[in-house]
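These numbers come from the heavy atoms of this one structure, side chains and all, not from hydrogens, waters or symmetry mates. First listed ligand is number 1; within each ligand, the first listed atom is number 1.
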Amino acid sequence: MAITENYHSQWLSLLICALVLLQTRAIVNIPLTFPENAKAMGALCLDGSPPAYHFRKGRQEGQDNWLIYMEGGGWCHSIEECKSRTLDHKGSSKHMMENIHMFLGGILSRNPGINPSEFRNWNIVIMRYCDGSSFTGDVEQPVDNLYFRGKRIFDVITNELLDKGLNDAKEVFLTGTSAGGVSVVLNCDRFHKLLSNTTTKFKCLSDGGYVIHAKNDPKQAQGFESMFKDVVSLHNSTGMLPHTCTEKMKEKPYLCMFPQYVVEDMVTPIFILMLPYDAYQINVTLGHEVYFALRKSFKDHVKLPTPIYQVLKDFRLQFLDALPPCKPSNGMFINNCFGHTEIATITWNIDGNKINNVIDVQAIRDWYFDRKGVNLIEKIDLIKNCTADTYLAS
Ligand SMILES: *[C@@H]1O[C@H](CO)[C@@H](O)[C@H](O)[C@H]1NC(C)=O
Ligand SMILES: *[C@@H]1O[C@H](CO)[C@@H](O)[C@H](O)[C@H]1NC(C)=O
Ligand SMILES: *[C@@H]1O[C@H](CO)[C@@H](O)[C@H](O)[C@H]1NC(C)=O
């Protein structure tokens with residue numbers, strides 16, 4: 001019996017490998033597209049190479065609809081950091097095929113088993129991220145051979161897409177994860193204005209990008225605040241940040257990199273997917289010690305020290321306070337998983353990723369297609385292992 005099972009599972013893994021390979025091939029066949037006007041417009045990655053995007057044509061009932069996905073990957077806030085990015089896909093299109101496997105899953109997948117949503121048949125655009133500023137950089141002259149041109153990259157890609165059919169689209173959904181989730185918040189209304197066709201329906205979704213300004217504690221506030229300050233100064237981003245926010249934050253316009261100061265005044269409907277126990281935010285805001293302790297307790301199934309648990313619980317309350325006031329046109333899905341981003345990872349569409357019995361993909365569809373209002377926030381403060389569908393002992 002055991003042998004048979006083993007035999008079966010070997011065949012099963014072989015089959016899975018073959019399927020993954022097939023899928024990988026299918027994705028790898030989506031070439032990189034370099035926008036035609038990039039050079040003329042001076043739209044360049046940090047290293048001076050052209051920016052790029054992937055495009056997969058929609059089919060069947062999805063052919064007039066577009067899902068645009070803005071890639072994540074943190075920010076660079078010093079010359080040295082931006083320089084080190086020129087050695088990989090985060091700063092150079094020369095390396096962009098190396099991490100293509102990251103775009104296989106979740107909402108970007110065509111496999112109905114992985115992605116049961118309508119979006120799988122839509123035109124898909126993956127806007128690659130190689131400027132380090134969430135597409136806000138705007139510096140005229142190169143500095144130390146580095147180009148800070150995030151704004152031009154955004155403009156040149158969106159203009160090319162408009163010519164390629166986006167202007168006749170029925171539905172457009174702008175999404176992004178991590179730093180790409182911040183890019184969505186910062187660029188959503190601007191993108192909406194570019195869609196001159198008034199019959200087009202347009203909504204945005206930010207996943208794993210709603211990092212908060214933890215201002216209750218100056219030490220905690222420091223992490224993201226000082227990074228955003230340096231990003232905005234190095235990339236000359238102020239002019240690209242939403243004016244509704246910079247008008248309020250005259251003294252500290254860089255605070256407008258925090259979605260919480262932008263979302264309130266947005267006119268486009270937006271869906272916020274974020275984990276109060278987001279791994280990236282915990283590492284930056286609460287420090288590596290807290291982050292490593294939490295990771296260890298997950299990995300080794302040991303109890304989290306009580307003081308650390310308390311810091312995390314307090315942070316969660318601060319996070320909930322920083323969510324935007326409820327607006328019927330907006331949506332939210334806030335659960336207690338420990339992780340980072342959902343729509344294009346293994347936590348997409350799994351049983352552990354439910355709130356009130358509603359799974360993430362269902363929540364997003366209900367909201368995007370106006371079937372019902374979605375404002376789902378997990379009420380308890382326990383930390384969840386979503387892939388195992390269990391809670392950490394408190
Ligand atoms: C910074 O951006 C503004 C527009 O927001 C522009 O007028 C100015 O020339 C830029 N500065 C540099 C140094 O490129
Ligand atoms: C707007 O989009 C529709 C398709 O949804 C298309 O038929 C029409 O030509 C577009 N209008 C303009 C002005 O581009
Ligand atoms: C946590 O932060 C430290 C210091 O900034 C960094 O070196 C490390 O890579 C981060 N870890 C993760 C998993 O993000």
Side-chain angles (χ1 to χ4, degrees), residues 41-44 58 61-66 72-81 84-85 88 90 122-123 131 133 135-144 146-155 159 161-173 177-179 186-187 190 192-202 208-209 211 219-220 222-228 230-243 245-247 253-254 256 275 277-296 298-299 338-341 345:
M41 299 280 294
L44 301 165
E61 68 282 5
Q63 56 187 326
D64 297 324
N65 304 332
W66 293 63
W75 299 271
C76 67
H77 57 94
S78 67
I79 293 283
E80 302 75 60
E81 260 196 348
S84 72
R85 283 184 176 234
D88 66 36
K90 287 184 191 169
W122 289 22
N123 294 286
D131 62 277
S133 71
F135 298 86
T136 62
D138 189 10
V139 178
E140 196 61 47
Q141 296 298 325
V143 182
D144 261 351
L146 291 169
Y147 295 82
F148 300 104
R149 301 279 175 81
K151 169 190 188 290
R152 297 189 203 191
I153 295 176
F154 181 84
D155 288 346
N159 280 315
L161 297 176
L162 288 169
D163 288 345
K164 276 192 167 176
L166 190 62
N167 225 351
D168 299 324
K170 283 200 196 116
E171 310 262 358
V172 180
F173 195 13
T177 54
S178 192
L186 299 180
N187 292 291
R190 208 162 79 85
H192 202 168
K193 284 199 191 120
L194 295 171
L195 294 171
S196 54
N197 195 330
T198 50
T199 64
T200 305
K201 174 173 156 188
F202 181 65
V211 295
K219 220 178 116 216
Q220 292 180 7
Q222 202 46 32
F224 277 109
E225 192 178 324
S226 65
M227 175 159 67
F228 286 158
D230 293 346
V231 168
V232 167
S233 140
L234 181 66
H235 295 259
N236 188 31
S237 301
T238 305
M240 274 298 294
L241 298 174
H243 297 285
C245 178
T246 49
E247 273 159 23
Y254 55 87
C256 297
L275 311 169
Y277 300 120
D278 178 88
Y280 182 60
Q281 167 118 47
I282 288 171
N283 193 33
V284 174
T285 303
L286 306 181
H288 328 316
E289 254 175 67
V290 175
Y291 170 74
F292 282 121
L294 187 48
R295 247 192 40 179
K296 188 173 159 52
F298 264 95
K299 221 169 103 248
F338 174 56
H340 181 53
T341 80
T345 69

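Distances between N or O atoms of Gln141 and those of ligand 1 include no value under 3.5 Å. Note: an N/O pair closer than 3.5 Å links Asn283 and ligand 3 by distance alone.
Counting the atoms of ligand 3 from 1 in the order shown, those under 4.0 Å from a heavy atom of Tyr291 are 13 (C). Close approach of ligand 3 to His288 is summarised as follows: ligand atoms under 4.0 Å from at least one heavy atom of the residue are 1 (C), 2 (O), 3 (C), 4 (C), 5 (O). Annotation for ligand 1: atoms under 4.0 Å from non-hydrogen atoms of Asp138 are 1 (C), 2 (O), 4 (C), 5 (O), 10 (C), 14 (O). The contact set between ligand 1 and Gly239, taken as ligand atoms under 4.0 Å from a residue heavy atom, comprises 5 (O). Residue-ligand proximity, Glu140 to ligand 1, at heavy-atom distances under 4.0 Å covers atoms 14 (O). The atoms of ligand 1 that sit less than 4.0 Å from any heavy atom of Val139 are 14 (O). Using a 4.0 Å cut-off to heavy atoms of Asn236, the atoms of ligand 1 that qualify are 1 (C), 2 (O), 3 (C), 8 (C), 10 (C), 11 (N), 12 (C), 14 (O).
Atom OG1 of Thr238 is separated from atom NE2 of His243 by 10.5 Å, given to the nearest 0.5 angstrom.
For the pair Arg149 (side chain) and Thr136 (backbone), a donor-acceptor distance under 3.5 Å is absent. Using a distance-only test at 3.5 Å, with no hydrogens or angles considered, no donor-acceptor pair links the side chain of Asn283 to the main chain of Tyr291.
Using cut-offs of 30° and 60° for the angle between ring planes, the His340 and Tyr280 rings count as tilted.
Within the 4.0 Å cut-off (strictly below), a protein heavy atom is located near atom 1 (C) of ligand 2. Protein non-hydrogen atoms do not reach within 4.0 Å of atom 7 (O) of ligand 2.
Closest to atom 11 (N) of ligand 2, if we only count protein heavy atoms, is Asn197 ND2, 2.9 Å. In terms of protein heavy-atom proximity, atom 9 (O) of ligand 2 is nearest to Asp168 OD1, 4.0 Å.
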Decide salt bridge (charged side-chain N to carboxylate O under 4.0 Å, His left out) for Lys170 and Asp64; before the verdict, give the C-alpha distance in whole Å, the side-chain angles of both, and the deciding distance to 0.1 Å.
-> CA-CA 6 Å; Lys170 283 200 196 116; Asp64 297 324; 3.3 Å; yes
Stepwise side chain to side chain contact (heavy atoms under 4.5 Å, CB included) test for Asp230 and Ser78 = CA-CA 7 Å; Asp230 293 346; Ser78 67; over 6 Å; no
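With a 4.0 Å cut-off on non-hydrogen atoms, Thr199 touches ligand 2 through its side chain and not its backbone.
Heavy-atom minimum distance, Asp168 versus Asn197: CA-ND2, 4.1 Å. Contact detail for Leu234 and Val139: the closest heavy-atom pair is O-CG2, 3.8 Å.
Exactly one residue among Asp138, Asn236, Asp131 makes a side chain to side chain contact (heavy atoms under 4.5 Å, CB included) with Lys151. That residue is Asp138.
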